[in-house]
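As a basis for the values below, the full set of heavy atoms in this structure was taken, side chains included, without hydrogen atoms, waters or symmetry mates.
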Amino acid sequence: MNLPFARFVELVEVCAKARREELRRLAFVGWQVHAAMGGTLTWQEYQHALGLDDDETQAEHVGKEEALDRAKSALERLTSSGWRVEVLEEDAA
């Protein structure tokens, strides 16, 4: 298939937007569970704790170390927001 680069970029952007929306829907279910279990975060605070509050967030490829740093940052935000977070296992590789 011969696909112009501009069209490829357009398709990637559409897919990234759909993925962000899917993550928001899943996060909303998580927030509802959080609220049902007595959590006190608002939807906006919950989104912020997960790093999903920026509509302009773009999908990007990052290295393993940056991905781990971002995950640790998200865990720290959740912990500081009152969540009890337990890491089940850590990749030593």
Side-chain angles (χ1 to χ4, degrees):
M1 172 190 249
N2 197 5
L3 183 68
F5 183 72
R7 178 67 176 146
F8 171 76
V9 170
E10 184 179 58
L11 291 172
V12 168
E13 288 174 354
V14 167
C15 291
K17 182 178 179 182
R19 181 69 179 144
R20 282 192 308 275
E21 290 306 312
E22 178 66 14
L23 288 173
R24 269 198 177 71
R25 283 192 294 274
L26 293 171
F28 186 72
V29 172
W31 173 71
Q32 290 175 320
V33 170
H34 162 74
M37 296 180 72
T40 59
L41 295 178
T42 66
W43 171 233
Q44 288 77 20
E45 292 168 335
Y46 189 82
Q47 286 184 94
H48 180 73
L50 294 176
L52 296 174
D53 56 347
D54 183 7
D55 287 334
E56 299 302 317
T57 302
Q58 296 294 319
E60 60 183 282
H61 293 282
V62 296
K64 179 180 177 180
E65 291 304 316
E66 185 171 349
L68 288 172
D69 288 343
R70 288 182 182 186
K72 287 177 186 176
S73 174
L75 287 172
E76 288 169 3
R77 287 193 306 263
L78 286 170
T79 302
S80 69
S81 297
W83 278 77
R84 185 179 146 266
V85 178
E86 182 179 333
V87 178
L88 299 178
E89 64 180 67
E90 188 171 319
D91 184 10

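The pair Glu22-Arg19 fails the salt-bridge criterion, with no side-chain N (NZ, NE, NH1 or NH2) lying under 4.0 Å from an Asp/Glu carboxylate O.
Distance check: Arg24 CZ to Leu50 CG gives 10.5 Å after rounding to the nearest 0.5 Å. To the nearest 0.5 Å, atom NE2 of residue His48 and atom CH2 of residue Trp43 are 13.5 Å apart.
Proximity of a side-chain donor or acceptor of Trp31 to a complementary backbone N or O of Glu45 within less than 3.5 Å is not detected.
The hydrophobic cluster containing Tyr46 does not contain Val29, counting ILVMFWY residues as joined when their side-chain heavy atoms lie under 4.5 angstrom apart, directly or transitively. Val12 and Val9 end up in the same hydrophobic cluster when Ile, Leu, Val, Met, Phe, Trp and Tyr side chains are linked at under 4.5 Å.
Between Leu23 and Leu52, the closest heavy-atom pair is O-CD1, 4.1 Å.
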